[in-house]
Undergrad: 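Supplied in structure tokens, the structure appears directly below.
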2 protein chains.
Amino acid sequence: MSKQQIPLLSSGGCCAPISVAALNPAQAAEGAAAFKALSDPIRLRLMSIIASAGDEVCVCDITPHFDVSGPTISHHLKVLREAGLVDCERRGTWVYYWPMPERLQWISALLSVPEPVTS
Amino acid sequence: MSKQQIPLLSSGGCCAPISVAALNPAQAAEGAAAFKALSDPIRLRLMSIIASAGDEVCVCDITPHFDVSGPTISHHLKVLREAGLVDCERRGTWVYYWPMPERLQWISALLSVPEPVTS
DNA sequence: CTGCTGCTTCGACATGTGTCTATCTTGACT
DNA sequence: AGTCAAGATAGACACATGTCGAAGCAGCAG
């Protein structure tokens, strides 16, 4: 597990927030891919559960919160994984997920609005 | 114009960042809708052009930056409008768009990662 | 080895989404 | 009025996406 992760164009640092400078097509494509991963209510909730746990979370503790089938949860977790937002590891019978805060922070920074200059 | 805007569930203040508390289904639905609006490369670029302009932008200045047809641009702008991310007004022959920074800020805050407590 | 449990992968299907062309609306200018 | 240009809307179509049930693949326990 934790194998197929897409290579991140902007690995760590990032481009300027969109309120500061317009994105070029390549940057826009990468940003849009990240947003797409969070554009489903179930995925966003999954992300929030994993990110707010403060620790890794077992899939078996996640599934009961949702009304959809196991395969569907698994599918959404895979999308989050491929977007670099979470990672996971199998330990014995169970699989644990944890957040990748850098990626979350990167997206947040992309959207951040600079202080209006009150001079 | 600037008529059909969806009522925003969380009008101004907002729920805690997803790294702090898990979203309930209603919050997740609203957040996901916002992310969906930004989940297309063209829309994200549109948003960045409008947000970084520092002023309103005429559609006629936007269209030439893209390789898609006018109606497609128009469609994407409508999606951004309905998501509460931009607003517009017609003045004479031209239509001008400007960003709604509160909404952008709200999304950014939703994703913000609190400082790790280094105690 | 056999069975059971947790999770993922596969294949199929209905629904959503991005794109286009054609058409309409609005306003400006003769 | 008539004409032109800028955008928006409508309708059609290909493709992407969310969902499910069935099957597959680890690990553990007898």
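Residue numbering restarts at 1 for every chain, and letters A, B, ... go by the order of the sequence lines. Atoms considered below: every heavy atom in the structure, side chains included; atoms not considered: hydrogens, waters and symmetry mates.
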Undergrad: Quickly work out the B:L77 CG to C:dT19 P distance and round it to whole Å.
TA: 12 Å
Undergrad: Please tell me whether A:V79 and A:V59 are part of a single hydrophobic cluster in this structure, the criterion being side-chain heavy atoms less than 4.5 Å apart.
TA: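 No; A:V59 is not reachable from A:V79 via cluster members.
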Undergrad: Once you round it to whole Å, what is the distance between C1' of D:dT19 and CD1 of A:I73?
TA: 11 Å
Undergrad: Is there a side-chain contact between B:Y97 and the phosphate of D:dA8, meaning an N or O under 4.0 Å from OP1 or OP2?
TA: yes
Undergrad: Do B:S19 and B:V113 touch side chain to side chain, with heavy atoms closer than 4.5 Å?
TA: yes
Undergrad: How close or far is atom P of D:dG7 from atom CD of B:E89, stated in whole angstroms?
TA: 14 Å
Undergrad: Locate the shortest heavy-atom distance separating B:A22 from B:Q27; write the atom from each residue and the value.
TA: O-OE1, 4.3 Å
Undergrad: Listing time: all N or O pairs from protein to nucleotides 20-23 of chain D that are below 3.5 Å?
TA:
| residue | atom | partner | partner atom | Å |
| --- | --- | --- | --- | --- |
| D:dC20 | OP2 | A:S69 | N | 2.9 |
| D:dC20 | OP2 | A:S69 | OG | 2.9 |
| D:dC20 | OP2 | A:T72 | OG1 | 2.6 |

Undergrad: Between A:L111 and A:F35, is the side-chain contact (heavy atoms from CB on, under 4.5 Å) condition met? List the steps.
TA: CA-CA 11 Å; A:L111 259 35; A:F35 288 122; 3.4 Å; yes
Undergrad: Taking atom P of C:dT9 as reference, at what distance in whole Å does atom NE2 of A:H76 sit?
TA: 14 Å
Undergrad: Measure across B:A51 and B:L104 and return the closest heavy-atom pair with its distance rounded to 0.1 Å.
TA: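 Shortest heavy-atom contact: CB-CD2, 4.3 Å.
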Undergrad: Would you kindly give the CG-to-P distance between B:D40 and C:dT17, to the nearest whole Å?
TA: 11 Å
Undergrad: On the nucleotide C:dT17, are OP1 or OP2 found under 4.0 Å from the side-chain N or O atoms that A:K36 carries?
TA: no
Undergrad: I need the residues from residues 50-64 of chain A with at least one non-hydrogen atom less than 4.0 Å from DNA chain D; give them sorted by number, or say none.
TA: none
Undergrad: Atom CZ of B:R43 and atom P of C:dT19: how far apart are they, to the nearest Å?
TA: 8 Å
Undergrad: Looking at B:E30 and B:R103, is there a salt bridge between them, counting it only when a charged N and a carboxylate O are closer than 4.0 Å?
TA: yes
Undergrad: Could you check how far CD of B:E82 sits from C1' of D:dT9, rounded to whole Å?
TA: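 After rounding, the reported distance stands at 12 Å.
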Undergrad: With the 4.5 Å side-chain cut-off for hydrophobic clustering, are A:I50 and B:V20 part of the same group?
TA: no
Undergrad: For the hydrophobic clusters of this structure (ILVMFWY residues joined by side-chain heavy atoms under 4.5 Å, transitively), does one cluster hold both A:L77 and A:W94?
TA: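 A:L77 does not cluster with A:W94.
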Undergrad: Considering only nitrogen or oxygen atoms on both sides, find all protein atoms under 3.5 Å from nucleotides 24-30 of chain D and state each distance.
TA:
none

Undergrad: Before giving the answer on side-chain contact (heavy atoms from CB on, under 4.5 Å), spell out for A:D55 and A:W98 the whole-Å C-alpha distance, their side-chain angles and the decisive distance to 0.1 Å.
TA: CA-CA 7 Å; A:D55 197 6; A:W98 60 88; over 6 Å; no
Undergrad: Quick test of your reading: applying side chain to side chain donor-acceptor pair (under 3.5 Å), list the pairs with at least one residue in residues 31-54 of chain B, sequence neighbours left out, ordered by first then second residue.
TA: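 Pairs touching residues 31-54 of chain B that pass the test: B:R43-B:H76.
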Undergrad: May I have the distance from B:W94 (atom CH2) to D:dC4 (atom P), rounded to whole angstrom?
TA: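 In whole Å, D:dC4 P lies 17 Å from B:W94 CH2.
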Undergrad: Using five pairs at each end of the helix from C:dC1-D:dG30 to C:dT30-D:dA1 to define an axis, what is the angle between those two axes, to 10°?
TA: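 Answer for the end axes of this duplex: 10°.
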Undergrad: Pick the nucleotide of DNA chain C nearest each of A:H75 and B:H75; which residue has the one closer to the 5' end?
TA: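 Result of the comparison: A:H75.
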Undergrad: Using a distance-only test with no angle check, is there a side-chain donor-acceptor pair under 3.5 angstrom linking B:Y96 and B:R90?
TA: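 B:Y96 vs B:R90: no donor-acceptor pair found between side chains.
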Undergrad: The criterion is side chain to side chain donor-acceptor pair (under 3.5 Å); which residues satisfy it with A:S108, sequence neighbours excluded?
TA: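 With sequence neighbours excluded, A:S108 shows a side chain to side chain donor-acceptor pair (under 3.5 Å) to B:S108, given in chain and number order.
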Undergrad: So, do A:F66 and A:I73 sit near enough that their side-chain heavy atoms are less than 4.5 Å apart?
TA: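 Side chain of A:F66 against side chain of A:I73, heavy atoms only: contact under 4.5 Å found.
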